[in-house]
Amino acid sequence: MNLNDLENISQLYKNTEKMPVLFLGHGSPMNAIEENQFVQGFRNISKEIPRPNAILCVSAHWFTNGTFVTAMQDPKTIHDFYGFPKELFEVEYSAPGSPELAKETTELLLPEIVEEDHSWGLDHGAWSVIKHLYPNAEIPVIQLSIDYSKPPQYHFDLAKKLQKLREKGILIIGSGNIVHNLRMVDWKNINTAGAGWDWAIEAREMTNNWLLDGNFQNLINYQNQGIALQTAVPSPDHYLPLLYSLALKEKTDDLSLFNDELIGGSLSMTSVRIG
């Protein structure tokens with residue numbers, strides 16, 4: 001990147017009031033086209049926060065060897081699921097990308113190597129929730145991938161380097177689910193808010209308490225917090241986006257929960273607003 005590139009980025013994303021940070025429990029892809037309390041929760045939160053200049057999303061569904069950032073001008077809508085109605089596969093979320101924001105992100109994360117990607121796009125962890133926040137798809141969106149070879153502390157520390165983006169009007173969103181065990185879903189109650197197995201209830205209570213108390217180290221070390229949480233997080237993909245959001249909390253930021261419900265026995269929709 002040369003000095004002209006840096007100046008163009010600085011002009012495009014000028015300093016603003018510090019943006020909030022979100023973690024969104026995205027749940028089933030069907031939330032993209034259904035009307036329910038969680039979709040309404042996403043819409044409500046967008047009305048409560050400043051309009052962003054752009055969005056950087058860390059999605060559970062872009063799990064890679066190494067770290068990548070989408071750098072194309074027009075990211076495609078990725079339908080990375082199967083077995084759902086045709087209507088869901090027909091959804092297109094045509095938000096523009098931002099090669100300029102992608103470049104700034106790679107600079108901020110140095111000395112870690114982040115490669116620009118021109119083939120991915122927006123997966124459903126991103127578009128299925130962002131479409132409810134900004135249905136007109138007018139806000140530029142980029143995605144940052146999750147390096148599956150790295151431990152939780154690495155992801156928390158890496159995310160801290162993104163703090164300056166909050167002061168340029170960039171809304172940073174982690175998208176996943178804190179409790180997410182698809183092998184133990186109670187399909188009879190997949191749409192029943194409040195339905196949770198005992199271990200899921202215990203895991204939700206523990207993580208909610210740590211979130212509200214600011215005990216992020218326990219959340220980083222989730223693998224050592226007992227059977228309930230190990231059952232709730234059998235793989236890290238949907239959990240790690242939470243750490244990217246938490247890492248950006250400053251001492252003066254408030255933290256609150258919304259959409260805080262279990263569904264289907266083994267999934268939580270719990271979402272977090274920081275700032």
Side-chain angles (χ1 to χ4, degrees), residues 8-9 11-14 16-17 19-62 68-81 84-105 116-146 162 165-166 168-177 241 244-245 258-259 269 271 273:
N8 289 340
I9 292 169
Q11 290 299 317
L12 185 63
Y13 298 113
K14 294 183 179 180
T16 64
E17 180 182 348
M19 284 293 293
V21 179
L22 301 176
F23 170 77
L24 301 179
H26 66 240
S28 167
M30 289 298 291
N31 285 321
I33 58 175
E34 290 182 341
E35 285 295 326
N36 55 48
Q37 69 187 79
F38 307 118
V39 165
Q40 190 59 53
F42 299 144
R43 291 183 185 136
N44 289 343
I45 206 71
S46 70
K47 297 173 184 176
E48 298 172 5
I49 64 176
R51 178 184 172 84
N53 291 328
I55 296 169
L56 185 155
C57 183
V58 180
S59 165
H61 294 278
W62 200 20
F68 299 84
V69 62
T70 55
M72 69 286 290
Q73 186 62 56
D74 297 298
K76 63 187 176 184
T77 303
I78 303 173
H79 301 91
D80 50 334
F81 40 71
F84 289 95
K86 180 182 177 183
E87 180 184 3
L88 186 58
F89 289 89
E90 293 174 344
V91 175
E92 293 290 329
Y93 189 71
S94 56
S98 176
E100 299 85 2
L101 179 56
K103 287 182 183 299
E104 181 158 2
T105 300
E116 292 187 11
D117 174 90
H118 295 272
S119 61
W120 186 247
L122 301 179
D123 60 54
H124 83 269
W127 63 260
S128 72
V129 288
I130 296 174
K131 76 181 291 289
H132 294 302
L133 275 66
Y134 306 105
N136 295 328
E138 75 278 25
I139 309 291
V141 183
I142 69 169
Q143 283 195 222
L144 182 69
S145 77
I146 301 170
L162 298 172
L165 294 181
R166 296 182 63 190
K168 292 182 176 292
I170 310 303
L171 176 61
I172 299 174
I173 298 175
S175 177
N177 295 96
Y244 278 81
S245 298
F258 63 100
N259 283 357
M269 295 297 293
S271 300
R273 172 182 171 175

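Owing to the predicted nature of the structure, the values given are computational and were not obtained by experimental measurement. In this chain, numbering begins with 1 at the start of the sequence shown.
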Query raised in the report: What distance do Arg273 atom CZ and Leu24 atom CG have between them, rounded to the nearest 0.5 Å?
Result: 12.0 Å
Query raised in the report: Ile78 versus His61: any side-chain heavy-atom pair under 4.5 Å?
Result: no
Query raised in the report: Between atom OH of Tyr93 and atom NE2 of His124, what is the distance when rounded to the nearest 0.5 Å?
Result: 15.5 Å
Query raised in the report: Is the number of heavy atoms from other residues, nucleotides or ligands within 6.0 Å of CZ (Arg43) greater than 12?
Result: yes
Query raised in the report: How close do Leu56 and Ile170 get, heavy atom to heavy atom, and via which atoms?
Result: N-CG2, 4.0 Å
Requested in this report: Check whether any side-chain heavy atom of Leu144 lies under 4.5 Å from a side-chain heavy atom of Leu162, and answer yes or no.
Outcome: yes
Query - Heavy-atom pair of closest approach, residues Ala137 and Pro96 - result: O-CD, 3.5 Å
Query - Side chain proximity check, Pro75 to Val141, heavy atoms < 4.5 angstrom - result: no
**Report entry** Closest heavy-atom pair and its distance - Ala32, Trp127
**Finding:** CB-CZ3, 3.6 Å
Report summary line: Residues Pro140 and Ser98: closest non-hydrogen pair is CB-CB, 4.2 Å
Report summary line: Shortest non-hydrogen pair, Gln73 vs Pro99, comes out as OE1-CD, 3.4 Å
Query raised in the report: Taking atom OG of Ser245 and atom CG of Leu22, what is their separation to the nearest 0.5 Å?
Result: 7.5 Å
Query raised in the report: Do Met30 and Leu88 have side chains that get closer than 4.5 Å, going by heavy atoms?
Result: yes
Query raised in the report: Which distance, rounded to the nearest 0.5 Å, do you find between the CE of Met269 and the CZ of Phe258?
Result: 9.5 Å
Query raised in the report: Could you state the interatomic distance from CG (Leu101) to CG (Leu165), rounded to the nearest 0.5 Å?
Result: 6.0 Å
Query raised in the report: Is the backbone of Ser119 close enough, under 3.5 Å, to the side chain of Lys76 for a donor and an acceptor to pair up by distance?
Result: yes
Requested in this report: Would you mind reporting whether Thr77 and Leu122 have side-chain heavy atoms less than 4.5 Å apart?
Outcome: no
Query raised in the report: Has the side chain of Thr70 got a donor or acceptor atom that lies under 3.5 Å from a matching backbone atom of Asp117?
Result: no
Report task. Give the ring-plane orientation class for Trp62 versus Trp120, where under 30° counts as parallel, over 60° as perpendicular and anything between as tilted. Result -> parallel
Report summary line: Heavy-atom closest pair (Glu116 atom, Lys103 atom, distance to 0.1 Å) is OE2-CG, 3.3 Å
Query raised in the report: Are Asn53 and Lys168 close enough that some pair of their side-chain heavy atoms sits under 4.5 Å apart?
Result: no
Query - Check against side chain to side chain contact (heavy atoms under 4.5 Å, CB included), Ser28 and Phe84 - result: CA-CA 10 Å; Ser28 167; Phe84 289 95; 3.9 Å; yes
Query raised in the report: Are Asn31 and Ser128 close enough that some pair of their side-chain heavy atoms sits under 4.5 Å apart?
Result: no
Query raised in the report: For Ser59, which of Asp123, Ile130, Val129 qualifies under side chain to side chain contact (heavy atoms under 4.5 Å, CB included)?
Result: Asp123
Query raised in the report: Any side-chain donor paired with an acceptor under 3.5 Å for His26 and Ser175?
Result: yes
Query raised in the report: In Å, rounded to the nearest 0.5 Å, how long is the span from CD of Glu90 to NE2 of His79?
Result: 8.5 Å
Query - Greater than 12 external heavy atoms within 6.0 Å of Glu87's CD - result: no
Report task. Could you tell me whether the side chain of Ile139 reaches within less than 4.5 Å of the side chain of Leu171, counting heavy atoms only? Result -> no
